[in-house]
Novice: 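What follows is a structure written as structure tokens; I'll ask about it next.
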Amino acid sequence: MDLAGGCMPLIIVRHGQSQGNHDNRFCGWIDIPLTDTGRQQAANAADMMKQADLIPDVLFTSKLTRSIDSGDIIIRRLDRLWVDHYKCWKLNERHYGQWQGRNKKEVCEEVGVANYDYVRRNYHGCPPLVAEGEDPSIDQRYQGVTDLPRGESLEMAMGRMIPYYHDNIVPYLKQNKTVLVVTHGSMVRSFIKYFAQVSDDHISEINVANAVPLVVKFADDTFSKGDYYYLDPELAREGAARIRDEGKA
């Protein structure tokens, strides 16, 4: 499926529903498995891609199980389990600092709706940081990595992800490969902000549903600007609306 400029597409998918999503908790870097619903959502994402003739040549995921498992389900269902699969912490979800693992409704009641919305959705909003050396989400998968975050705003998370994208993903796009990235809600929002040049203020209005493939159509061969669309726009709208109101009465 050729797009404008003759390049093959970039497909971006937020992982399927995790147990943390189901329990209405901030997941961040905590390694939380998929639910049965999440596994079915990932399979449905593969079916959407197959129907659209979007078959990946390479897979990128974060270092978190919910991302890895979702990507595995998709490529297995597409009979592409043999494609190269790269995992990197720079595609991890935004680090939610001291809010990680906590119930969203309880946090909202504790800090107030205005502060809750600012940290959760504002481009510059950062949660309270975890004390240095006391982060239970950091384990051996990050061995040897320095300067790991202890809490991030979307701006900070985007700052680690976009350079990784250009250094590691763009080379495959330049080879005319169809690339699948299975990552997390904040990372999908970061991609949208970057490619569609969404303003710092407007990005707070964008939410991302679980496991609805998003396809980027690039404007030129810099792979830094382009339009995007969802393979199931209605499902994407419904899921985004649910996510928008998480944690609020």
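All values derive from a computational prediction rather than experimental measurement. Along the sequence shown, the residues carry numbers beginning at 1.
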Novice: By side-chain hydrogen bond (donor to acceptor under 3.5 Å, both in side chains), which residues pair with Tyr118, not counting sequence neighbours?
Specialist: none

Novice: Please enumerate all residues that pass ring pair (Phe, Tyr, Trp, His ring centres under 6.0 Å) together with Phe195, with sequence neighbours excluded.
Specialist: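 Checked Phe195 against ring pair (Phe, Tyr, Trp, His ring centres under 6.0 Å); matches are Tyr165, Phe191, Phe218.
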
Novice: What residues form a ring pair (Phe, Tyr, Trp, His ring centres under 6.0 Å) with Trp99, not counting sequence neighbours?
Specialist: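 Ring pair (Phe, Tyr, Trp, His ring centres under 6.0 Å) check on Trp99 returns Phe26.
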
Novice: Got a sec, which residues hit ring pair (Phe, Tyr, Trp, His ring centres under 6.0 Å) with His124, two or more places apart in sequence or on another chain?
Specialist: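 Scan of His124 (ring pair (Phe, Tyr, Trp, His ring centres under 6.0 Å), adjacent residues dropped) gives none.
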
Novice: Holding to salt bridge (charged side-chain N to carboxylate O under 4.0 Å, His left out), I want the full list of residues that pass it with Lys90, two or more places apart in sequence or in another chain.
Specialist: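 Partners of Lys90 under the salt bridge (charged side-chain N to carboxylate O under 4.0 Å, His left out) test: none.
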
Novice: List the residues meeting ring pair (Phe, Tyr, Trp, His ring centres under 6.0 Å) with Tyr164, not counting sequence neighbours, and say none if there are none.
Specialist: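 Listed in chain order: nothing, the list is empty.
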
Novice: Can Leu91 be reached from Val216 by stepping across I, L, V, M, F, W or Y side chains whose heavy atoms are under 4.5 Å apart?
Specialist: yes

Novice: Can you list everything that forms a salt bridge (charged side-chain N to carboxylate O under 4.0 Å, His left out) with Glu110? Sequence neighbours excluded, please.
Specialist: Arg102

Novice: What residues, two or more places apart in sequence or in another chain, satisfy side-chain hydrogen bond (donor to acceptor under 3.5 Å, both in side chains) together with Arg150?
Specialist: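 side-chain hydrogen bond (donor to acceptor under 3.5 Å, both in side chains) check on Arg150 returns nothing, list empty.
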
Novice: Quick one: salt bridge (charged side-chain N to carboxylate O under 4.0 Å, His left out) partners of Arg141, sequence neighbours excluded?
Specialist: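 Salt bridge (charged side-chain N to carboxylate O under 4.0 Å, His left out) list for Arg141, sorted by chain: Asp31, Asp139.
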
Novice: Taking only residues two or more places apart in sequence, or in another chain, which ones meet Arg80 in a salt bridge (charged side-chain N to carboxylate O under 4.0 Å, His left out)?
Specialist: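 For Arg80 the salt bridge (charged side-chain N to carboxylate O under 4.0 Å, His left out) partners, ignoring immediate neighbours, are Asp57.
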
Novice: Measuring from Lys104:NZ to Asn24:CG, what's the distance to the nearest 0.5 Å?
Specialist: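 If we round to the nearest 0.5 Å, Lys104:NZ and Asn24:CG are 6.0 Å apart.
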
Novice: So, using side-chain hydrogen bond (donor to acceptor under 3.5 Å, both in side chains) as the criterion, who are the partners of Ser186 when residues are at least two apart?
Specialist: Glu93

Novice: Check side-chain hydrogen bond (donor to acceptor under 3.5 Å, both in side chains) between Glu238 and all other residues, then give those that pass, not counting sequence neighbours.
Specialist: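 Per chain and number, Glu238 pairs via side-chain hydrogen bond (donor to acceptor under 3.5 Å, both in side chains) with no residue.
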
Novice: Could you tell me whether the side chain of Ser70 and the main chain of Gly16 form a donor-acceptor pair under 3.5 Å?
Specialist: yes

